[in-house]
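To start, the structure itself, in structure tokens.
Along the sequence shown, residues carry numbers from 1.
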Amino acid sequence: MKRRDTLKFAVVAAALFATTSLYTANDSVAQDKKLRIGFSQATTIEPWRAQFNKDIIAEAAKHPEVELIITDGEDKTEKQVADVENLIRQEVKALLISPKESAGLTGVVTQAIDAKIPVFVLDRNVETDKYVQFVGGDNKLIGRAAGEYAVELLGGAGKAKGNIVEIWGGMGTQPAHDRHDGFHEFTDKEPGIKNLLDQQSGDWKQDQAYNIMATALRNNEKIDLVYGHNDPMAYGAYLAAKDAGREKDIKFIGIDALPGEGVTWVNNGELSATFLYATPGAEGLRQAIKFLNGEKVEKNVVLPTLKVTKENASKIMKDNGL
């Protein structure tokens, strides 16, 4: 991975930490607020997670009655467990959590539920259904959309041919499995499509995807399409292919569609498409406030998706001031 990309991630993480700390400080203004709501974030080093936090912070600013406490799991399950235990001790009125992994966070989520704290699970699920609500995108639906488009790029249904490299997100997360399963509902119907890798995880990170792709390029003379479970991994694979002089022979598909990243990369012609996976931060906080105010909420809130290609990328960027 090139040094400029490493520096970019460092800047994003540092900026996010500074922003988050403003909402976790126990200042006099925070103490006067009535609703103390805790949000346990899995990590802040991924761009999508950075946007996630920005969205929930922006929503919190609209509700002066809310004291929002944000914790950063630092991409470690044990740290996130400790964060949630601390929020339980603080007797938050509601807990919002986006787990690093499903199994590893189920126990502490159950502790919160047992403590009569309403729990709202965002983005990645846990292995219990006793929470109040899940808010997130339909990862299997997004995977299906990506798979359908991959078949189209490789020649169309019944005629598609090509070698695919799939770079997984975290193997312990349900979104990665759903994005895989949905994708293969379409690609596995095509006898002309060959999958070159067996569950290679980039852990949602650009540099790890770069390394996976660099190895795949050395081991395979022909790669036609890369499917990354998020945009940074798809872009990391693109950079590896570019460094090998093979990027023009390969199509790259990602998921997330952040305007400053995936959408920009599509607009630049570096990715063929990305699929919107909206962050659930703002909606999750709105739903928690509704519940705390005595309103009824649905068990599941599914956020909409959108396919972004060269045809609509520039408009999306313009709409977001880019």
Side-chain angles (χ1 to χ4, degrees), residues 12-77 79-100 105 108-113 115-126 131-137 258 277-298 300-301 303:
V12 169
L16 181 63
F17 176 81
T19 303
T20 302
S21 65
L22 295 175
Y23 281 81
T24 58
N26 290 321
D27 56 22
S28 59
V29 175
Q31 291 298 319
D32 290 338
K33 294 180 179 178
K34 298 177 183 177
L35 295 179
R36 176 180 289 181
I37 297 176
F39 170 44
S40 171
Q41 177 64 282
T43 181
T44 57
I45 62 174
E46 298 165 15
W48 187 83
R49 295 277 165 186
Q51 185 63 49
F52 190 161
N53 276 32
K54 290 176 184 177
D55 291 345
I56 197 169
I57 288 169
E59 183 63 29
K62 302 175 184 177
H63 301 276
E65 77 279 15
V66 169
E67 176 192 355
L68 179 63
I69 305 172
I70 300 178
T71 63
D72 178 6
E74 298 176 358
D75 210 29
K76 301 180 182 71
T77 296
K79 170 65 165 61
Q80 192 172 19
V81 168
D83 289 343
V84 175
E85 288 174 341
N86 186 39
L87 291 170
I88 293 171
R89 285 193 294 271
Q90 294 186 57
E91 298 182 345
V92 292
K93 297 296 185 182
L95 170 68
L96 281 65
I97 180 170
S98 186
K100 173 173 169 56
L105 273 299
V108 76
V109 165
T110 302
Q111 289 180 38
I113 294 168
K116 308 302 181 186
I117 297 173
V119 175
F120 296 77
V121 181
L122 311 181
D123 171 45
R124 297 175 182 171
N125 224 321
V126 288
Y131 50 80
V132 172
Q133 185 183 66
F134 172 83
V135 182
L258 293 181
Y277 187 68
T279 78
E283 184 62 30
L285 184 59
R286 284 193 292 268
Q287 293 288 327
I289 293 169
K290 282 177 61 177
F291 180 83
L292 292 174
N293 286 333
E295 297 181 47
K296 183 178 179 181
V297 298
E298 300 295 328
N300 294 286
V301 175
L303 303 174

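The structure places CD1 of I69 at 4.5 Å from CD of Q90, a figure rounded to the nearest 0.5 Å. Atom CD of E65 is separated from atom CD1 of I289 by 5.5 Å, given to the nearest 0.5 angstrom. Atom CH2 of residue W48 and atom OG1 of residue T279 lie 6.0 Å apart, to the nearest 0.5 angstrom. Taking CD1 of I56 as the reference point, atom CD of Q41 lies at 8.5 Å (rounded to 0.5 Å).
Salt bridge D123/R49: present, at least one basic N to carboxylate O contact under 4.0 Å.
The shortest distance between side-chain heavy atoms of D72 and N53 does not fall below 4.5 Å. Counting only heavy atoms from C-beta outward, the side chains of I117 and L87 never approach each other to under 4.5 Å. Two residues are said to be in side-chain contact when any heavy atoms from C-beta on lie closer than 4.5 Å; L105 and V81 meet this criterion. Looking at I37 and L292, their side chains come closer than 4.5 Å, going by heavy atoms from C-beta outward. The shortest side-chain heavy-atom distance between I97 and Y131 does not fall under the 4.5 Å cut-off. Using a 4.5 Å heavy-atom threshold, the side chains of V108 and D83 count as separate.
L303 and P280 make their closest contact through CD1-CA, 3.8 Å (heavy atoms, listed as atom of the first residue, atom of the second, distance). Shown here for R286 and E59, the closest heavy-atom pair between the two residues is NH1-OE1, 2.9 Å. For the pair L122 and F134, the tightest heavy-atom approach, listed with the atom from each and the gap, is C-CE1, 4.4 Å. Annotation for S98 and F52: closest pair OG-CE1, 3.6 Å, computed over non-hydrogen atoms. For A112 against L95, the heavy-atom pair with the smallest separation is CB-CD2, 3.8 Å. Q133 and V135 make their closest contact through OE1-CG2, 3.3 Å (heavy atoms, listed as atom of the first residue, atom of the second, distance).
Within a 6.0 Å radius of CD in E85, more than 12 heavy atoms belonging to other residues, nucleotides or ligands are found. In the displayed structure, K79 atom NZ is contacted under 6.0 Å by more than 12 heavy atoms of other residues, nucleotides or ligands.
In this structure, R36 contributes its side chain and E91 its backbone to no donor-acceptor pair below 3.5 Å.
Taking the six-membered ring for Trp and thresholds of 30 and 60 degrees, F120 and F291 have ring planes more than 60 degrees apart, a perpendicular arrangement.
For K290, the side-chain contact (heavy atoms from CB on, under 4.5 Å) partners at least two apart in sequence or on another chain are Q287, E295, V297.
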message: side-chain contact (heavy atoms from CB on, under 4.5 Å) for E298 and N300? Distances and angles first, verdict last.
response: CA-CA 5 Å; E298 300 295 328; N300 294 286; over 6 Å; no
